[in-house]
Each structure stands twice: as structure tokens, then as C-alpha cells.
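Letters A, B, ... are given to chains in the order of the sequence lines, protein chains preceding strands, and every chain is numbered from 1. The structure presented is a predicted model; accordingly, all values stated were derived computationally and were not measured.
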Amino acid sequence: MNPRRSLATRSGGLLVLSVLIGLLLLLAISMRVFGITASMSLDEMRGAIQAAPDYGAILLVNALIGVSMMLMIYELRWDALRVILTVAVALVFGYLMTAFFNLDAANRLSSGEFRVNVVSDVGPLVDIYYGDRPSGEFTGPDADEPLTEASYRFAGSAGDVLTIMAFAEEEDSPLDLQLTLLGPDGEAVAENLDASDEQRQEYRRQLESPGDAILENIELPADGVYTIVVRPEPQSEVQVGEFNVRLDTDAPSPIDFTYNQPIGAVFNAPNVDNPLTEASYRFLGRADDRVSVLAYVFRSNIEVDLQVELIGPDGSVLGQANDSTEEQRATFRGLLQRETDAALEGVRLPEDGIYTVRARPEPVGFGTKLSETVKATNKAYNAFLFGPLSRLNRWVTWIKDAITLIMLGLAIAIVFRAEQFSLGAEGQLYFGALVSGVIGLSFGEIPKPVLVPLALLSAATAGFLWGLLPGALKAYLGANELVSTLMLNTIAMRFYEMVLTFELQPPNAGYTASDWIPDNGLLAPIIDVSGDQVTIAVFILILIVLFAWVLIRRTPIGYEIRMIGANIKFANYGGVNTKRTIMLAMAISGAVAGLAGAHLALGIHRKLILNISLGMAFEGVVVALLARNNPLVVPFTGLLYSYLRVGAQFMERDANVSSEVVRIIQAVVILLITAEALVTFVQRRRRVRRDRLSSDIQPSERLMAAPPQPPA
Amino acid sequence: MTLIQAIDIVKVYPNGVLANDHVNLSVNQGEIHALVGENGAGKTTLMKVLYGLEHPTSGEIRLRDEPVTIHSPQDAIDLGIGMVHQNFMLVNSFTIAQNIVLGREPTNGRRLRVDFEQAIKDTEALSRQYGLYVDPLARVDTVPVGMRQRVEILKALYRGAEILILDEPTAVLTPRETEDLFDAIRQLVNAGKTVIFITHKLREVMAISDRVTVMRDARTVGTVNTAETSEAELARMMVGREVFMVVDRPPVQRGRPVLEVKNLTYINENGRTLLDNASFRVYESEILGIAGVEGNGQTELVEVLTGLLPATSGEAYVDGVPVLGAGPRRVREARVAHIPEDRLTNGVALTATINDNLIVDRYYRPPYTNSGLLNLEQIRLSGENLIRQFNILAPSGELPVASLSGGNMQKVVVARELSASPRLLIAAQPTRGVDIGAIEYIHQQLIDQRTNGLAILLVSADLQEVMKLSDRIMVMYNGQIVGIFRNTPDLSEETLGLYMLGAQRQSPEEMEQLQ
Ligand SMILES: Nc1ncnc2c1ncn2[C@@H]1O[C@H](COP(=O)(O)OP(=O)(O)OP(=O)(O)O)[C@@H](O)[C@H]1O
Ligand SMILES: [Mg+2]
């Protein structure tokens with residue numbers, strides 16, 4: 001032949017490379033799940049591994065993951081790069097999406113509940129405010145902690161009209177109360193012993209006892225701190241009893257809080273019409289008092305960055321603070337916790353009067369906004385990318401999910417090889433789950449080594465038959481397999497539901513599900529992380545992969561399946577029984593899907609539940625397409641795809657990414673992956689068409705007429 | 001004057017095959033330029049580069065001495081380059097006029113509706129102008145191959161093609177249709193067009209071209225004036241050795257009948273009788289050729305006999321075993337091999353590997369399948385053997401057939417069928433699209449196997465091929481067998497022609513004598 005060069009097919013180098021990458025993967029995953037770091041000593045590493053339950057089996061499964069990667073690279077060669085690239089692009093895209101939804105991440109720096117406090121050694125200057133209703137109990141002079149008189153300070157403004165009441169807790173109490181209001185100068189402004197009958201009539205809900213007192217419509221003469229004094233009348237026989245005080249007015253309180261009494265609100269609360277962006281609180285200050293003004297958050301999940309200002313009675317700003325120092329946090333332990341809390345320390349008040357504390361979130365710059373967005377996105381993505389490996393039980397979740405997905409991917413890969421667009425895996429899965437579940441439920445007394453294989457075999461048979469049906473419809477009646485399998489899916493699903501509801505559901509169960517399948521019917525666990533189990537399904541899966549691979553590549557039936565997939569007319573011309581092959585391809589695929597159903601019933605849910613497939617059969621299509629319908633590549637793509645599915649769940653759980661966002665990201669990933677698979681598919685199609693159209697071939701249409709005569 | 005020039009074109013396909021290696025082609029204004037070369041020499045690739053279907057790895061295309069870049073067929077059309085592929089790209093359910101104006105429909109005034117009247121007029125005018133007869137109102141799927149080809153040419157002309165590339169246009173044509181095509185090409189050139197023409201038939205090169213460019217092994221060997229060369233010299237340039245176009249058919253005594261066909265009738269689903277009560281026998285050590293204008297039942301005869309079509313009535317026996325009614329597997333089990341007339345539909349699976357294509361009739365038997373498993377090693381080995389033996393240009397048997405050149409695909413089919421050690425070979429157009437070297441080889445194989453006892457039923461559009469190879473010749477007309485002849489030197493094409501056109505027929509007794 002002539003000296004044309006061609007690329008080498010498979011080389012030893014490729015094998016070495018793929019083994020190396022597979023090993024790396026094994027190492028990386030194992031280190032993560034066992035929590036091993038490079039800085040550990042060998043003994044520590046061994047300790048970390050042995051601390052995990054069933055660590056041997058975990059290592060084995062990780063090794064299998066490595067093998068799946070190796071197979072993928074070895075089988076797909078350059079295409080492997082494209083698979084990885086697609087996923088990488090999808091992830092970058094997903095990252096941008098996540099970032100988009102985290103654009104408001106900096107909001108947490110300007111929203112949330114906060115407290116403002118004016119700390120002073122003096123202690124509170126007032127006890128109550130307009131509208132307050134304090135209460136207490138006189139215990140008499142002989143009690144351990146005698147209370148014979150109660151006084152309440154409050155800040156009042158000149159001209160405000162107040163009504164003050166003191167009344168016994170109980171109706172018709174013998175307690176006879178005396179109520180005095182002292183002015184800022186300490187002189188009594190007003191005093192009352194007993195309410196008049198009219199007053200008792202007017203305030204009958206409060207003034208229920210004859211001894212209750214009231215000061216009605218008192219106009220305050222000056223600004224300042226007034227004191228309400230309440231005591232039993234000294235002459236009265238009864239000196240003990242519960243009492244209430246009310247300070248009622250229509251006027252606004254001149255102050256909002258006082259020394260050492262925190263006050264607060266929520267900045268920029270979400271879903272509020274007029275969110276609070278700045279808060280001002282007044283307090284009464286006295287000349288020469290030393291105060292420290294603090295603004296701080298007191299819940300650990302709130303991160304608003306605060307700023308505080310102190311404004312004097314004349315309106316001048318006496319001081320401002322944005323942050324707090326470490327010493328300040330030590331001084332005001334229990335109040336200040338973060339650097340972002342604001343502390344204005346040691347201010348000497350210049351005069352008596354009403355001061356204002358103004359607090360607001362510190363303005364957030366663009367740089368901060370950006371870095372906050374990046375930080376939040378990174379956090380979410382970290383959960384997405386490493387979530388499945390962050391804890392052993394999550395790793396188990398991943399592996400369990402992947403096993404089902406790989407089985408379904410294999411089922412789809414087999415029919416797609418024959419270019420039969422069957423989507424029947426869903427229905428076959430339901431039948432597999434049903435049949436295996438029923439067998440597990442009803443023959444619990446048969447020993448496990450007999451019962452489990454029996455259940456699996458029956459599930460495979462059920463799936464086989466449910467695949468044979470559309471195959472026969474296609475082969476003999478030309479029924480489009482896409483339509484017929486979708487119909488049959490619905491039938492299978494409804495049948496499953498019917499049997500479950502009317503036959504299997506225990507009569508007193510609150511929701512539609514069967515009893516637990518007895519232990520003899522369950523797949524035996526090989527890894528058990530506090531109840532989360534990976535079962536021998538792993539080994540069953542290996543057998544199925546080998547079966548699918550041998551079937552497709554090494555058996556005459558597989559050859560027939562490949563040939564009807566490549567060109568069914570050619571297969572027919574060559575003597576292949578195309579009808580039988582169509583049926584077999586769909587039926588064998590059905591058997592595998594049936595096993596996936598059995599895995600869901602006997603390995604994952606351990607009972608039959610409604611909606612047992614969760615629509616996974618269709619995701620099997622993505623897995624198969626991504627693997628280019630190659631059974632040896634399906635394990636890897638299944639693991640990968642499932643990793644993304646499970647990771648998204650954990651992103652939702654760990655990071656504050658809403659489930660909708662997670663679903664969007666998941667969809668984008670699926671879309672890109674599918675698009676990539678489609679691109680390859682379309683490219684192949686196009687190449688074929690181009691070759692067809694430009695090679696030197698005669699058209700398939702046969703001619704019917706004799707050659708025409710040219711016009712004369 | 002040089003019209004179009006390809007300079008130092010290099011084309012490496014993604015799988016690493018170097019299909020064009022610094023190829024140069026220079027075509028003059030108004031000439032008919034033939035392009036010849038062995039299968040896989042890179043002719044189609046070069047034309048695809050000119051037409052924008054493939055992008056050259058390096059090199060330059062010049063049109064009227066101006067460098068041009070051609071990214072897509074649209075660019076090529078805009079530059080006045082048209083290409084007619086062997087596999088037509090027509091919409092079967094449209095009329096010819098609709099096909100010709102497709103994408104450039106004339107509209108009436110408001111640009112909303114296609115002016116079909118105008119389309120028909122345009123088609124008729126164009127058709128008359130270049131002497132390319134078509135029926136504008138006929139649906140494409142009802143007209144013969146020759147007319148479809150003219151539709152393709154008219155389509156290119158309607159789009160303003162000045163340079164027309166025809167890739168093996170005559171491979172599917174009967175000699176008569178070929179003559180008509182050549183007349184049309186000459187008219188085109190008279191009207192100022194330029195034609196590039198690929199063929200494997202040197203006779204045609206000598207008959208019509210002004211100059212010939214020969215390609216070999218991805219390179220151009222040279223360009224010569226047709227008037228100053230000969231078939232033999234061209235063959236030598238192409239192959240690099242002497243080619244013996246004449247095969248020697250040693251006389252042998254024919255043996256027992258292998259195929260016996262009795263009253264075979266096939267009526268299609270539209271009720272047309274396409275095969276009418278055909279009875280004949282093919283014997284050991286005999287080649288029975290079928291002559292006839294295409295479309296007279298040859299295709300149906302072959303497809304019914306090979307199990308691809310169900311017979312309406314009648315029987316066929318191979319070595320006394322009835323073979324009809326159970327599909328192709330039964331026929332093949334009776335050791336019948338079949339080279340199908342349309343290799344892309346039946347003969348190969350493009351996306352499957354060459355090796356897989358070579359075992360479709362035998363994969364389930366030892367040594368290809370042992371105890372239920374395919375023997376991949378054996379499959380690879382026998383694939384390699386056939387690739388070597390039949391000189392299939394492929395770097396490896398593990399590559400898809402789609403990456404082969406047209407002629408090499410045909411060789412894959414021939415290799416498979418001839419290696420099946422059949423009792424009967426049904427060969428339809430066995431040398432369609434293959435180069436002269438391969439024709440020589442295939443012919444030699446057919447004769448050798450026939451000499452060793454094989455019975456061959458040969459169908460070919462090329463009457464000369466039939467006459468060269470056959471021991472007996474059977475003429476079909478309108479689905480019927482109208483004459484059987486012993487292929488003696490005094491049997492002339494003219495005699496056969498009379499029968500082929502239905503002007504004469506033998507009586508059943510006469511035919512029975514020659515069975
Ligand atoms: N799509 C493709 N991918 C890879 N290789 C290709 C492709 N098409 C053609 N080839 C290779 O390029 C070479 C030249 O092919 P090309 O089709 O140009 O040959 P050709 O001269 O037209 O042959 P023929 O006379 O058989 O039609 C062949 O070796 C063929 O195998
Ligand atoms: Mg070609």
C-alpha cells in the first residue's frame with residue numbers, strides 16, 4: 001500500500017495515562033472522604049481511614065470509581081477530553097449563574113437585627129416610658145425582701161397630659177393604694193388616694209377595687225425626670241398585694257431608651273414595604289456623665305456592619321464610630337462581638353438634655369459587593385463541588401444514586417446502540433421494582449441467598465417482557481417505539497400505583513407505601529454509615545457492565561444490534577434477522593432497567609413507595625448519550641452526572657442557595673451535557689450525510705420509466 | 001486562458017489520512033477537463049475543496065488569477081462554481097421545475113407567492129438552451145437516473161454556474177444516457193461553460209475531454225492534452241504499470257445448474273408488474289449476464305432472488321433447495337453471495353468499521369463466532385487479509401467505512417462477497433465506481449471463480465462489461481426475459497440492442513434451447 005500516515009489507534013501510552021489518572025482520582029476521593037490531609041503522618045492517615053466504618057469496602061468502591069475513569073479515557077481517547085471539557089464549561093456556566101443569584105450577597109452586610117446601647121456607670125436614668133404598665137407586689141415590712149413602696153422614673157416633657165393609675169391586681173381587693181407624682185425637682189406634682197366613683201365608672205376595667213388610685217389628665221409643668229410613687233396607704237390594714245401601674249398619654253415619649261438599656265430593630269428586612277435603613281433613638285443625658293455608645297448585632301447569623309453617631313441636644317454631632325477595637329470588645333464583653341460592631345467609647349456629655357443615637361449599616365462599596373458575591377458563590381460552589389465528599393454519609397448518597405443511574409444509563413445505551421429510540425426504561429423500572437418488591441415482601445421466610453437472586457431475576461424478566469412488547473410492536477406493526485414506550489410507561493406506572501394502593505399498602509398506613517421488605521429480601525449492605533448503606537448492588541452493577549460490554553462488543557447479538565444501529569438495510573441484506581434484533585435490543589435493555597428498579601426497591605428504599613423512579617430513567621438518557629452509548633464509559637458518566645445531582649442537593653442544603661437556583665444550575669448542566677452529546681451526534685450524522693452525498697454512489701431510488709427521448 | 005487553479009492543495013483528514021499532497025490543477029476557460037486516478041487518489045477530495053465542502057489544510061485556489069477563499073458551497077455558487085454529486089440532492093416529492101428553482105424561486109410582484117408558471121418557463125428555457133431535456137412537471141421520484149442528473153446540472157446552471165464539476169457522472173448511466181450526457185456537455189462548453197469531469201472510464205476521457213489531469217497517491221502526476229495521449233498511457237500514469245484491459249475468458253465446460261428460477265413474478269405495492277414470469281437457470285462455471293436498459297426488471301430480479309423483496313409468485317432453487325420467502329439469511333445459507341447495485345443503501349454500514357462490514361454474512365459462524373462469542377482476533381485478521389488482497393486503501397480495518405473513497409467502499413463489498421466462497425454470486429454493477437486496476441482485478445476474480453465452478457448472475461449497466469464477461473447473455477425487457485444468447489464473437493451489440501428495446505423477442509422454445 002502507499003505511504004500514507006495515519007494516527008496510531010490505541011497505544012500503550014494511553015493505557016498508562018488512563019491508569020495514572022484513575023489512580024489519582026482514587027487518591028483524591030479517598031483523601032476527601034476519609035478527611036486525610038497531606039500534612040498527616042502515615043500513622044495518622046491509617047488512623048483516619050480505620051476510623052471510618054467498612055473502610056475496606058469504601059476503598060474498594062473508590063478504586064472502582066478510579067477504574068471507571070480509566071475506562072472512560074481508554075475508550076474515548078480524545079473524546080474523553082471533550083466530556084471533561086463539557087462538564088467544565090457547564091460548571092463555569094453554573095458558577096456564573098450562582099454568582100448572578102448571589103449578586104445581593106453583600107446585602108447581609110447591611111441588613112439584619114441590631115442593638116444600640118448607651119453604657120454608663122450611672123445606670124438607667126428612667127425606669128418606664130409613656131405607655132408602660134409596670135406591676136409589682138407589696139410584701140409588707142416583715143418580708144425577707146420587703147417592698148412597701150414602688151417608684152418609677154420616667155422622662156416627661158412640659159405640656160404633656162398624662163393619666164396615671166395604680167390599682168390592685170384583684171377585683172375588690174382590700175389593698176388601698178396611694179399614688180404620688182413627683183416633679184423633676186422632687187416636689188409632688190399631684191397625689192391621689194382613691195378614685196372617685198365617676199373615675200371608677202370611666203376606668204372600670206382597671207379600677208375595680210375601692211382603694212385604687214388615679215391621677216387623671218395631669219399636665220406636666222416642665223421637662224425632666226418625674227417619679228411615680230405608689231404605696232399602700234399607711235393607715236390601711238392591708239399592706240400586701242399585687243398591684244399595677246399605668247402611665248397613659250397620647251403624647252409621644254420624649255426619649256426611647258436610657259443608659260444600659262439596649263434598644264434595636266431590623267435594618268433592611270427582606271420583604272418589607274419600607275425597610276429601615278437608618279435608626280435614631282433618643283435618650284436622656286446628664287451633664288458630665290461618661291457614656292459609651294455601642295451598636296452591635298447579637299445573633300451569630302447576622303452580619304450587618306454597623307455605624308453609630310451621637311448627637312447632642314443642640315443637634316451637634318458629638319462623635320461617630322464605625323468599628324470596634326479588640327479592647328473595646330473585651331471591655332464590653334457580652335455586647336460587642338465583632339469588629340463590624342461600632343463603639344464610641346467614653347464620651348463626656350456636655351449638658352443635660354435629650355441626646356440622639358443614630359445607627360445605620362455602613363455603606364457597602366462596589367469592591368466589597370463584588371468580593372462578597374464571589375465569596376458567597378465560592379461557598380455555594382464549594383458545597384456543590386465537594387459536598388458529596390464532605391461527609392461519609394453524603395458519599396454514600398452519591399454512590400447509591402450513581403448505581404441506579406448507571407444501570408439506567410446502560411439500559412438506554414443498549415437500545416440506543418440499535419438506534420431504537422426507546423424511552424421505556426421508566427416503565428420497565430416500575431415493573432422491576434414491583435415484581436422484586438412483591439417477591440421480597442411475600443417470601444420473607446426464604447433464605448437470602450435464594451430470595452435475592454430470585455427477586456433480581458424476576459425483576460429482570462419483568463423488564464425484559466415489558467421491553468419485548470414495544471419491540472414486537474415496532475418489529476411487526478411498525479409502531480413508533482418512542483410513542484409506544486411512553487404509553488407503556490404510563491401504563492406501568494399506573495399499574496404499579498394501583499397494586500401499591502390496593503394490595504400492598506398496610507390498611508392503617510398514613511401514606512401510600514408498602515411495609516418494609518423483610519431483611520431476607522434486601523440487598524446485603526457492604527458499607528453502613530449509621531444507617532446509610534451501599535449494598536452488594538455494586539457487584540451486581542459490575543456484572544451488568546461486563547454483561548453489556550460483552551453483549552455489545554463480543555457476541556453475535558451485539559454485532560446484530562450494532563449493525564441495525566448503523567444501517568438496518570445493510571443488516572437485513574447481510575442476513576441479520578432485523579425484527580428479532582429490534583425486539584431483543586429493547587427487551588435486554590428492559591431487563592437492565594428492571595434491575596435498576598429492583599435496586600431502588602431492595603437496596604435503596606427497602607420498601608415500595610409511590611414515584612419510586614423520581615424520573616431518573618430519563619436522566620439515564622443523558623448518561624448514555626454522554627458516554628456515546630459505550631457500556632464501558634457509562635459507569636463514569638453515571639458517576640459524574642450523579643455527583644452533580646447530589647452536589648446540587650448539598651449546595652441547597654449547605655449554602656444559602658435556594659432550591660430554584662439549584663435546579664436552574666442543574667438544568668444548565670444537563671443542557672450543556674446534552675448539547676455536547678447532541679453536537680457529537682449531529683456531527684456524526686452530518687459527516688455521514690456529507691460522505692453519502694459526495695461519494696460516487698447511485699441513489700437508492702430505483703427507476704421506473706424508460707429513458708426519455710430528447711426533444712427533436 | 002486559465003480559469004480556475006488549485007495550487008499546492010494539501011488536505012489531511014481528521015483521522016490523519018493525507019488525501020491531497022501538494023496537488024495542482026489548472027483548468028482553462030471553456031474546456032472539458034477530465035480528472036482521473038485510482039480509487040482513493042484524492043479526486044473527490046480535491047473537488048470538495050473547490051466546492052467548499054472540505055477546507056484545505058494548506059494551499060490556494062485562484063479564480064481568473066485572483067486568490068479566492070471558499071468556505072462553503074454557498075461561496076462556491078456565488079463564485080460561479082457548481083458541483084453535481086453522484087448521489088443526487090433533489091427533493092423527491094417536488095416536480096423537476098420546483099427542484100430547479102428551489103431556494104431561488106421566482107416570485108410574482110408582491111414577493112409572497114412563488115410564481116410556478118415562471119419556474120416552469122425558466123426550466124424549459126434553460127433546458128432548451130443547453131439541450132438538457134427534462135420534463136418540468138414530472139415528480140423527481142418518477143423519472144430515471146439520467147434525467148435526475150440533468151436536473152442536477154440544470155440546478156447548478158440556474159444558480160449561475162460557470163464551472164461545472166461532475167463527480168463520476170457516468171457511473172450510474174447506461175451507455176445511451178452517457179452519450180446524451182456527453183452531447184449536453186459539449187453544448188455547455190459551446191455556450192462558454194467550463195466542465196471538470198471525474199471518471200474511471202478512460203474511453204470516456206478519450207471521447208470527450210480536451211485535457212486530462214491524472215492523480216495518483218494524493219498527488220498530481222501530470223496534465224496532458226487528450227489528443228496527444230492514449231488510454232494505455234493514461235492507465236500507465238494512473239496505476240504506474242501496464243494495465244491489461246482485456247481479460248482472458250478461458251473456455252470451460254459448465255456443470256450442473258446451481259440456480260433454477262421458475263415463473264418468477266413480482267408485482268409491487270402499486271400493482272405494477274416489474275418482473276413477469278421469469279424462468280432461467282445458471283450453471284456451475286458459468287457467468288450469465290443480464291442485458292437490458294435500466295429499469296426493465298433487473299433490479300427487482302436481483303432483489304427478489306436475494307430475499308430483499310418478496311416474490312409475488314414463482315420459485316427459485318439453489319442446488320435444488322428452495323430459497324425464496326424467508327429473507328436474505330436463507331438465501332445466504334444456500335451459499336449465495338450478492339453484490340448489491342446500491343452499495344450505500346445495502347452494501348455497507350458507513351459508521352461501522354471496515355472489519356465489521358466485512359463479516360455481515362458470516363459473523364455468527366465459526367471461526368468468527370466460537371461458543372457464543374465473537375472472535376475479534378479472527379475478525380481483525382481476516383479483515384486485514386481482505387484489505388490487502390483487494391487492495392482497499394485504508395490505514396486500518398478498525399476505521400469506519402465512511403472514511404473510505406467511493407471506489408474503496410465498493411471494494412469492501414466485493415471483497416466480502418467474493419470471499420464468502422459462494423456457489424452462486426449475484427453481482428449487480430460489481431465494478432461501479434472502481435478504478436481500472438480494480439476493474440481488472442475484479443473481472444479477473446469473477447472469471448477465475450467461474451472457472452473454478454462458481455455460478456455467476458451478472459447485472460451491469462455497462463453492456464460492454466456484460467459482453468466481456470458473460471458466457472451467456474439474457475436480455476430483459478419490461479420485466480420479461482425476451483432472449484437468451486450464447487456469447488459468441490458473432491453476437492453483436494446491435495443484435496442485443498434490438499431485444500433490449502423490445503423490437504424483437506425469442507419464442508419460449510428458442511429460449512428453452514439456450515437454457
Ligand atoms: N471523510 C473522510 N475522512 C477520512 N478520510 C477520508 C474521508 N474521505 C476520504 N478519505 C480518504 O481520503 C482519500 C482520498 O479520498 P477521495 O474520496 O478523494 O478519493 P477519490 O479519488 O475520489 O477515490 P474514488 O475514485 O474511489 O472515488 C482516501 O484514502 C479516503 O480513504
Ligand atoms: Mg471519489
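In this structure a side-chain-to-backbone donor-acceptor pair under 3.5 Å is present from A:N567 to B:V348. The main-chain N or O of B:H338 is found under 3.5 Å from a side-chain atom of A:Y573 such that the two form a donor-acceptor pair. A donor-acceptor contact shorter than 3.5 Å is absent between the side chain of B:D356 and the backbone of A:M563.
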Original post:
Can A:E560 and B:Y363 be said to form a side-chain hydrogen bond (donor to acceptor under 3.5 Å, both in side chains), step by step?
Top reply: CA-CA 9 Å; A:E560 290 168 352; B:Y363 64 92; 2.3 Å; yes
**OP:** Begin with the C-alpha distance, continue with both residues' side-chain angles, and end with the deciding distance and a verdict on side-chain contact (heavy atoms from CB on, under 4.5 Å) for B:I359 and A:Y559.
**Re:** CA-CA 10 Å; B:I359 57 167; A:Y559 177 83; 3.5 Å; yes
Subject >> From CA spacing to verdict: side-chain contact (heavy atoms from CB on, under 4.5 Å), A:N577, B:R329 >> reply: CA-CA 8 Å; A:N577 185 338; B:R329 175 64 61 87; over 6 Å; no
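Contacts between B:R128 and chain A at a heavy-atom distance below 4.5 Å are absent for every atom of the residue. Using a 4.5 Å cut-off between heavy atoms, A:R554 contacts chain B through both its backbone and its side chain. In this structure, the portion of B:T369 lying under 4.5 Å from any heavy atom of chain A is its side chain and not its backbone. With a 4.5 Å cut-off on non-hydrogen atoms, B:N357 touches chain A through its backbone and its side chain both. Contact annotation for B:V413: only side-chain heavy atoms (C-beta onward) come within less than 4.5 Å of a heavy atom of chain A. Contact annotation for B:E38: neither backbone nor side-chain heavy atoms come within less than 4.5 Å of a heavy atom of chain A.
To the nearest 0.5 Å, atoms CZ (A:R553) and CG (B:L376) are separated by 7.5 Å. Taken from CD1 in A:I552 to CG in B:L374, the straight-line distance is 11.0 Å, to the nearest 0.5 Å.
When all heavy atoms are compared, the tightest approach of A:A566 to B:A349 is CB-CB, 3.7 Å.
Counting heavy-atom pairs closer than 4.5 Å to chain A, the top residue among B:G327, B:G347, B:A352 is B:G347.
The environment of CZ in B:R380 is crowded: more than 12 heavy-atom neighbours from other residues, nucleotides or ligands sit within 6.0 Å.
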